[in-house]
Enquirer: 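If you scroll down you'll find the structure; I have some questions about it.
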Amino acid sequence: MKIYIGSDHAGLELKKKVKKIFENQVDFTDVGTFTEESCDYPDFGRLVAEKVLAEKGSKGIVICGTGIGISIAANRFQGIRCALCTSPELAEMSRLHNDSNVLSLGARILNIEEASVIIEVWLKTKFEGGRHRNRIDKLDS
Ligand code: RB5
């Protein structure tokens, strides 16, 4: 599964650490930002959202300081279900019930150990379907 990962400057360090863990394990593309220069999270939320929407079956990970702004940005795009998760339990539920296709993380909230557990659970958990399918469909109607 292809993962598109993006962050603003506040999420850059955590993103670098996530990428290190992904190396040789996960097929990913970093859409930026690539420098510590101050930038705007909506730009990178949008880039990840557009990539995920363009490639069926792909998913995204977005990171900013709190994870809030960039999750709002990604969720502006129809078809994106971005879940801001601060625990593995939330990550699991966001996949089981909400079929989240983008995971949002807060670099000022989580350390890499916490983030990597959240990511691992999020990547391996499958959407439950069933009664949740109708609800997902309503989101985009
Ligand atoms: C940038 O300072 C910060 O506002 C941003 O990363 C994010 O936390 C916004 O929600």
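Every value quoted in this text rests on a predicted model; they were computed, and no experiment measured them. For the numbers below, each heavy atom of this structure counts, side chains included, while hydrogens, waters and symmetry mates do not. We count ligands from 1, going down the list as the structure has it; atoms in each ligand are counted the same way.
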Enquirer: Which ligand 1 atoms, with their elements, are less than 4.0 angstrom from a heavy-atom of G69?
Expert: 9 (C), 10 (O)

Enquirer: Just to confirm my output: which protein heavy-atom neighbour is closest to atom 2 (O) of ligand 1, and how far is it?
Expert: R108 NH1, 3.5 Å

Enquirer: Considering only the protein, which heavy-atom contact is closest to atom 8 (O) of ligand 1, and what is its distance?
Expert: T66 N, 2.9 Å

Enquirer: Distance-only, no hydrogens or angles: does the T66 side chain make a donor-acceptor pair with backbone N or O of G106 under 3.5 Å?
Expert: no

Enquirer: Which of the atoms in ligand 1, numbered in the order shown and given with their element, are less than 4.0 Å from a heavy-atom of G65?
Expert: 5 (C), 6 (O), 7 (C), 8 (O)

Enquirer: Does D8, backbone or side chain, put an N or O under 3.5 Å from an N or O of ligand 1?
Expert: yes

Enquirer: Are E13 and K17 ion-paired here, with the side-chain N under 4.0 Å from a carboxylate O?
Expert: no

Enquirer: List the closest protein heavy-atom neighbour of atom 7 (C) of ligand 1: residue, atom name, distance to the nearest 0.1 Å.
Expert: C64 SG, 3.3 Å

Enquirer: Where the side chain of R95 meets the backbone of T125, is there a donor-acceptor pair that is under 3.5 Å apart?
Expert: yes

Enquirer: Do any N or O atoms from the side chain of D30 and from the backbone of G32 form a donor-acceptor pair under 3.5 angstrom?
Expert: yes

Enquirer: Are there more than 12 heavy atoms of other residues, nucleotides or ligands under 6.0 Å from atom NZ of K59?
Expert: yes

Enquirer: Could you tell me which atoms of ligand 1, counted from 1 in the order shown, lie closer than 4.0 angstrom to a heavy atom of A10?
Expert: 6 (O)

Enquirer: Give a yes/no verdict on a cation-pi contact between K20 and F22, requiring under 6.0 Å between NZ or CZ and the six-membered ring centre and an angle within 45° of the axis.
Expert: no

Enquirer: Under 4.0 Å from atom 4 (O) of ligand 1, is there at least one protein heavy atom?
Expert: no

Enquirer: Among protein heavy atoms, which sits nearest to atom 9 (C) of ligand 1, and what does the distance come to when rounded to 0.1 Å?
Expert: Y41 CE2, 3.5 Å

Enquirer: Would you confirm whether D27, through its side chain, and K2, through its main-chain N or O, come within 3.5 Å as a donor-acceptor pair?
Expert: no

